[in-house]
Amino acid sequence: MEIKYILDIIYLVASVTFVLGLKMLSHPDSARKGNLYAAFGMTLAIVGTILLYNHPDGYTTREPIKIILILAAIGVGTVAGWLTASKVQMTKMPELVSLFNGMGGACAAIIGLMEYEHNLGKTGALATIIAGLIIGSVSFSGSVIAFLKLNETMKKPIRLPKYNILNTVVMIALVLFGAYIVYAQPEHLLLVVLLFIFALVYGVLFVIPIGGADMPVVISLLNSFTGLAAAFGGFLYQNQVMLTGGILVGSAGTILTLAMCKAMNRPLTNVIFGAFGGGNSTGAAADINGSIKDISISDTAILMNYAKKVVIVPGYGLAVAQAQHVIHELELLLEERGVEVVYAIHPVAGRMPGHMNVLLAESNVSYDKLVEMEDINPQFANTDVVLVVGANDVVNPAAKTDPSSPIFGMPILDVENATNIIVNKRSMNAGYAGIDNLLFYQPKTSMLFGDAKGVLAKLVSELKQM
Amino acid sequence: MAYCLKLKAKNKMNQIINFLGENIQMIYIIILSVFVGVEVIGKVPAVLHTPLMSGANAIHGVVIVGAIIVMLNTPAENILSLALGFVAVVFGTLNVVGGFAVTDRMLEMFKKKK
């Protein structure tokens, strides 16, 4: 029996847990278990590698100092990763995923830097290394920029003059540079380091012109990039678990990216090359007729109390105001009075697809109360009251009526078919995409201004007295 | 001179074909994994997109295995390489542990109510 075979079997088991994990993640009941399976497989693969891996040509040695360093690095990473993951607020989730993704990319890039010298003369292996290095670096710097954009350190998209052409040229130059290195195989590492830096710069250039609203798509794309980078590493080492894990994520990320683009009804090329989310409010101002109408909290309470059916449209604003819990309280109270309450979830509500579901689940809202767009749209016609909290673009009729609007063509929630529409907003500022909303000016719409949490709390206490 | 370049290019080409041939099993894994990934993920409801993305994010943390391999193959005297490898392992661990922990935290909230 060879020791190598044991490691091969471990890798096989780990690969199966990855596939199984992803599959189980696709159903709410099994999702959590699926994640744990994958985590278990990962632990096996890591422990197995430390104990059993041996390079076919015998380069592998296990001096105590190296083992200690590896364990120390894992220790540092585990504590830091665990603490960040358990402390972070659920609204900050997308930033965190972006950051962790960047770490994976950086890891792949460093592997490429270190392996280059050992593989001089082997063109195929070098091509793999350089590809992993480039993709990993782009994913790393891109993710960091996405992180900064999402936590609003970097607010406005930065567009260098002719940025589309510039980026394309830089990308082509990057690929050519990489190809040159694979071809010429310079012995000195300097050129490879330059390539690494060049790839980092490209990652920055790639993400900075893209608006904050499109960051989820970008993160998903970079997620699949990192998967690819990991797969290149797997190819290099003939390591099946890295290969299956990396490729699975690569294809998962791609599918997910396309699903997100579809939800926004914008082709991927438009997200990457198109200018959007930049805050240039086009169209709307010209044809606004009608005026904004206020509604008081007690009127809202009465309207809801005597409604048969209330649909709540939550947006990211709800989460920012930390109003998930109080909205759940409102839901329970209304249900007690015999009002049917459901939540209408737009595919891109929140900062990531499904983000809204996570945020509402956090405050114990049952997931059968969360109705997806295709299912809820026909129901608006027999809905008495729609309560829009902290959402804007996903209910903007301009997506249907105004071809000049940047969101034109995006499927929206047809709230205007309901009898009454109550919109809670902090102020009249435009939404995340930076465009005005004609819905607010419609006669059926009333505005309930104020901080979501405060307003909803008052609404709940008002209802309790009725 | 031109002939010499051509010969060199041909040589590289041969190397690449040999490389692909020697790794044909790996290439099979890649192609089949792509289909598995698409099949498995294609059915995920939008509700679970964020946890899925986060879970997938944790899985590509498998790149840490590569970082460990680099460390194991580096001679213990090569301080610079060891330092770089250390950083790579830390990054990889962050990706794995953070990724799985945050996914678990999200999914913990999806317990069925009522």
Side-chain angles (χ1 to χ4, degrees), chain A residues 18 22-23 25-26 28 31-32 35 38-39 42 45 49 55 59-60 63 65-66 69-70 73-74 76-78 81-82 85 97 100-101 103-104 106-108 110-111 114 123-124 223 226-227 230 233 235 237 242-245 247-249 251-252 255 347 352-355 357-358 361-362 366, chain B residues 12 15-16 19 26 29-30 33-34 36-38 40-41 43-44 46-57 59-63 65-73 76 81-82 84 86 88-104 106-107 109-110 113-114:
Chain A
F18 292 167
L22 280 179
K23 176 145 187 71
L25 271 168
S26 68
R32 199 172 175 204
N35 184 52
M42 185 71 79
T49 308
H55 192 277
Y59 292 126
T60 311
E63 291 95 339
I65 175 76
K66 272 159 57 175
L69 275 178
I70 291 174
I74 291 179
V76 171
T78 305
W82 189 272
V97 173
F100 288 145
N101 179 50
M103 298 290 107
C107 182
I110 296 176
I111 294 175
M114 293 177 69
T123 307
N223 194 30
T226 312
F235 203 94
Y237 294 122
M242 282 173 79
L243 200 63
T244 38
I247 294 286
L248 274 176
V249 176
S251 60
I255 296 290
M352 272 190 186
H355 192 196
N357 308 70
V358 173
E362 190 189 17
S366 168
Chain B
K12 299 274 164 188
Q15 276 189 26
I16 290 173
F19 179 76
M26 289 278 150
I29 298 184
I30 293 177
S33 296
V34 169
V36 171
V38 171
V40 164
I41 279 108
K43 290 170 202 142
V44 178
V47 190
L48 287 172
H49 274 171
T50 293
L52 172 75
M53 179 147 140
S54 179
N57 176 47
I59 289 176
H60 70 47
V62 74
V63 69
V65 167
I68 294 172
I69 292 179
V70 171
M71 281 287 265
L72 288 175
N73 289 346
S81 287
L82 283 187
L84 267 178
F86 181 84
V89 176
V90 171
F91 282 167
T93 315
L94 272 172
N95 189 174
V96 170
V97 176
F100 281 121
V102 106
T103 313
D104 188 61
M106 278 189 247
L107 292 170
M109 301 159 190
F110 277 92
K113 312 278 149 38
K114 285 209 225 174

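To find a chain, count down the sequence lines: A is the first, B the second, and so on, and within it residues start at 1. Both backbone and side-chain heavy atoms feed into the values below; hydrogens, waters and symmetry mates do not.
- Heavy atoms of L69(A) lying under 4.5 Å from chain B belong to its backbone as well as its side chain.
- In terms of heavy-atom pairs under 4.5 Å with chain A, the best-connected choice from I68(B), I69(B), V96(B), V34(B) is I69(B).
- Proximity to chain A is limited to the side chain of F19(B), based on heavy atoms less than 4.5 angstrom apart.
- If you tally non-hydrogen atom pairs under 4.5 Å between each of L52(B), I29(B), V90(B), V89(B) and chain A, the highest count goes to V90(B).
- Using a 4.5 Å cut-off between heavy atoms, I65(A) contacts chain B through its side chain alone, with no backbone atom that close.
- Listed here is the closest heavy atom pair of I111(A) and G66(B): CD1-C, 3.5 Å.
- Heavy-atom pairs under 4.5 Å with chain B were tallied for G124(A), G245(A), G81(A), G233(A); the largest tally goes to G124(A).
- Interface residue V36(B): backbone and side-chain heavy atoms are both found under 4.5 Å from chain A.
- The most heavy-atom pairs under 4.5 Å with chain A, out of G99(B), A76(B), S54(B), come from A76(B).
- Smallest separation of non-hydrogen atoms from V249(A) and A56(B): CG2-O, 3.2 Å.
- Only the side chain of I110(A) comes within less than 4.5 Å of a heavy atom in chain B; its backbone stays farther off.
- The contact between M242(A) and chain B is made by backbone and side chain atoms together, counting heavy-atom distances below 4.5 Å.
- The two residues L107(B) and P51(B) have their closest heavy-atom pair at CD2-CB, 3.7 Å.
- Both the backbone and the side chain of F18(A) come within contact range of chain B, each with at least one heavy atom under 4.5 Å from a heavy atom of that chain.
- Minimum interatomic distance between S33(B) and S251(A) (heavy atoms only, all atoms of both residues): O-OG, 4.0 Å.
- Not counting sequence neighbours, the partners of V97(B) by the side-chain contact (heavy atoms from CB on, under 4.5 Å) test are T78(A), W82(A), T93(B).
- Annotation: maximal heavy-atom pairing with chain B below 4.5 Å, among I255(A), N223(A), V358(A), occurs at N223(A).
- Among A73(A), A85(A), G77(A), A39(A), the residue with the largest count of heavy-atom pairs under 4.5 Å with chain B is A73(A).
- Annotation: side-chain contact (heavy atoms from CB on, under 4.5 Å) contacts of A252(A) (sequence neighbours excluded): I41(B).
- Chosen from L248(A), T226(A), T244(A), the residue pairing most often with chain B at heavy-atom distances under 4.5 Å is T226(A).
- Heavy-atom distances place both the backbone and the side chain of I74(A) under 4.5 Å from chain B.
- Between the side chain of N35(A) and the backbone N or O of F100(B) there is at least one donor-acceptor pair closer than 3.5 Å.
- Using modelled atom types, no side-chain atom of T60(A) and backbone atom of L72(B) make a donor-acceptor pair closer than 3.5 Å.
- Rounded to the nearest 0.5 angstrom, L22(A) CG and I59(B) CD1 are separated by 4.0 Å.
- N95(B) and G61(B) get closest at one heavy-atom pair: OD1-CA, 3.5 Å.
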